[in-house]
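In what follows, a single structure is set out as structure tokens and then discussed.
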Amino acid sequence: MHALVADLVLPEGASMYVMSALETSRELIRHSYFRYEFATVAVTHSLFALEHVLAERLATNDPLHDMIARAADVGLITAALAAELDRSQLLRDKLAQGSQSSAALPPLQALAMVRAVFDAVSLLLHPPAAAQATAADMGGARPDSGLAQLWEDHLRAPFPAGFRGVDLDGVDLTLLDSGAAGLVHRELNGGLDDSGIASLWGCITDLDKIVPLVNEEYCASYFTRLRTMAQVIAARHIPAAT
């Protein structure tokens with residue numbers, strides 16, 4: 001469980017309230033080994049941090065769903081990230097209404113949802129405007145343009161209908177999608193660290209396994225694009241021969 005949450009790094013510059021909420025969420029996932037329900041509670045608790053940062057960034061106290069949508073509309077977070085955050089917010093509503101229990105999520109699924117909150121908070125606190133300005137100063141050269149274009153295409157593509165939650169050869173397609181997409185997002189916004197690179201190779205292994213097994217054209221193309229992006233990133237992190 002320690003390795004599972006190792007890449008959930010608290011963002012720099014966050015308030016003590018936000019840091020506390022995120023750290024508690026991370027520890028709840030770690031301790032879901034002992035108490036299964038902690039995984040679901042981790043997701044709902046992480047939303048305290050997200051809601052606080054969104055309210056400050058957007059200078060509003062609108063409902064969380066509306067703030068997520070507005071942040072996506074103005075480009076503070078990606079559409080894919082907003083969709084992941086909406087899933088967490090919807091889960092919180094279902095728990096409050098009694099239509100879901102605290103045992104709703106397994107730890108791996110909760111991890112993907114909490115990671116989305118960590119990524120969103122980091123983006124909201126440190127928007128990538130400086131990196132974009134640097135690229136403009138360099139004459140508009142964008143070494144990530146190929147990967148960025150693939151990423152934009154992926155963000156516009158809906159998840160294959162009928163395949164959410166489907167398991168192929170031991171690989172959950174929904175978790176694989178969110179995990180791989182999260183790695184691409186992090187590569188484009190600062191680059192992967194060692195643990196991210198290790199996760200990337202795991203994703204490539206799973207993508208190589210499931211793509212030949214998909215017998216539906218759109219789903220196959222969707223995950224083939226994910227595999228292509230993962231391979232482009234992997235090529236950047238292979239040490240040059242000496």
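For the atom pair CG of L4 and CG of L108, the computed distance is 5.5 Å after rounding to the nearest 0.5 Å. In this structure, T40 OG1 and E37 CD are separated by 7.5 Å, a value rounded to the nearest 0.5 Å. Separating the CG atom in L207 from the OG1 atom in T224 is a distance of 9.0 Å, to the nearest 0.5 Å. In this structure, the separation between CG on L50 and CG on L85 is 5.5 Å, given to the nearest 0.5 Å. Expressed to the nearest 0.5 Å, how far CD1 of I29 lies from NE2 of H45 amounts to 12.0 Å. Note that the OG1 atom of T78 and the CG atom of L81 stand 4.5 Å from one another [nearest 0.5 Å].
The local environment of OH in Y218 is crowded, with over 12 non-hydrogen atoms from other residues, nucleotides or ligands closer than 6.0 Å.
Considering all non-hydrogen atoms of both residues, A180 and L226 come closest at CB-CD2, 3.9 Å. In this structure, L176 and C203 approach most closely via the heavy-atom pair CD1-O, 4.0 Å. Nearest heavy atoms, L155 versus A80: CD2-CB, 3.1 Å. Considering every non-hydrogen atom in both I204 and A234, the closest pair reads CD1-CB, 3.7 Å. Minimum heavy-atom separation, L91 to A104: CD1-CB, 4.1 Å. P107 approaches A39 most closely through the heavy-atom pair CA-CB, 3.9 Å.
Judged as a ring pair (Phe, Tyr, Trp, His ring centres under 6.0 Å), and not counting sequence neighbours, H185 has no contacts. Listed by chain and residue number, nothing satisfies the side chain to side chain donor-acceptor pair (under 3.5 Å) test with S20 (two or more places apart in sequence, or in another chain). Residues satisfying the salt bridge (charged side-chain N to carboxylate O under 4.0 Å, His left out) criterion with E152, sequence neighbours excluded, are absent altogether. The side chain to side chain donor-acceptor pair (under 3.5 Å) search around E84 returns R87, not counting sequence neighbours. Remark: D193 pairs with S195 by the side chain to side chain donor-acceptor pair (under 3.5 Å) rule, at least two apart or across chains. Among residues two or more places apart in sequence or in another chain, the salt bridge (charged side-chain N to carboxylate O under 4.0 Å, His left out) test is passed with D86 by none.
Under a hydrophobic-cluster definition in which Ile, Leu, Val, Met, Phe, Trp and Tyr are linked whenever side-chain heavy atoms come within less than 4.5 Å, directly or via other members, Y36 and V43 are assigned to different clusters. Under the 4.5 Å side-chain heavy-atom criterion for grouping Ile, Leu, Val, Met, Phe, Trp and Tyr, V121 is connected to Y17 within one hydrophobic cluster. Note on L213 and F223: same hydrophobic cluster, where clusters join Ile, Leu, Val, Met, Phe, Trp and Tyr whose side-chain heavy atoms are under 4.5 Å apart, directly or indirectly. Following chains of ILVMFWY side-chain contacts shorter than 4.5 Å, one can reach F34 starting from V5, so the two form part of one hydrophobic cluster. Linking Ile, Leu, Val, Met, Phe, Trp and Tyr residues whenever their side-chain heavy atoms come within less than 4.5 Å leaves V114 and V9 in two separate clusters.
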Per-pair distances, 0.1 Å, donor-acceptor, side chain in residues 163-174, under 3.5 Å, sequence neighbours excluded:
| from | atom 1 | to | atom 2 | distance (Å) |
| --- | --- | --- | --- | --- |
| D167 | OD1 | G170 | N | 2.9 |
| D172 | OD1 | T174 | N | 2.9 |
| D172 | OD1 | L175 | N | 3.1 |
| T174 | OG1 | G165 | N | 2.6 |

N/O donor-acceptor pairs under 3.5 Å from side chains in residues 52-61, not counting sequence neighbours:
| from | atom 1 | to | atom 2 | distance (Å) |
| --- | --- | --- | --- | --- |
| R57 | NE | L124 | O | 3.0 |
| T60 | OG1 | D62 | N | 3.3 |
| T60 | OG1 | D62 | OD1 | 3.2 |
| T60 | OG1 | D62 | OD2 | 3.1 |

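With contacts defined as side-chain heavy-atom distances shorter than 4.5 Å, the pair V232/M229 does not qualify. Under the 4.5 Å side-chain criterion, counting only non-hydrogen atoms from C-beta, Y33 is not in contact with R30. Contact annotation: the side chain of L76 never approaches that of L123 to less than 4.5 Å [non-hydrogen atoms, C-beta and beyond]. Residues L22 and P11 are in side-chain contact: their nearest non-hydrogen atoms beyond the backbone lie under 4.5 Å apart. Inter-residue side-chain proximity for T44 and S88 is flagged as unmet; no heavy-atom pair is nearer than 4.5 Å. Taking the side chain as every heavy atom from C-beta outward, T24 and F48 never approach each other to under 4.5 Å.
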*Show your reasoning for whether side chain to side chain contact (heavy atoms under 4.5 Å, CB included) applies to L183 and E187.*
CA-CA 6 Å; L183 291 169; E187 175 69 13; over 6 Å; no
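Salt-bridge formation is detected for the pair R227/D208: a Lys NZ or Arg NE/NH1/NH2 atom is positioned less than 4.0 Å from an Asp or Glu carboxylate oxygen.
When hydrophobic residues (I, L, V, M, F, W, Y) are linked wherever their side-chain heavy atoms come within less than 4.5 Å, the members clustered with F38 are L28, V41.
Every pair passing side chain to side chain donor-acceptor pair (under 3.5 Å) that includes a residue from residues 110-120 is listed here, sequence neighbours excluded: D7-R115. Applying the salt bridge (Lys or Arg N to Asp or Glu O under 4.0 Å) definition to pairs two or more places apart or across chains, those involving residues 91-113 are E51-R92. Judged as a salt bridge (Lys or Arg N to Asp or Glu O under 4.0 Å), the pairs with a partner in residues 11-25 (not counting sequence neighbours) are, in order, E23-R26.
Checked by atom type and distance alone, the side chain of S32 never pairs as donor or acceptor with a backbone atom of R35 at under 3.5 Å. Using modelled atom types, one side-chain atom of S25 and one backbone atom of S46 make a donor-acceptor pair closer than 3.5 Å. Under the 3.5 Å distance criterion, the side-chain polar atoms of S122 are left unmatched by any main-chain donor or acceptor of F118.
Below 30°, between 30° and 60°, or above 60°: for W151 and H154 the angle between ring planes is below 30°, a parallel geometry.
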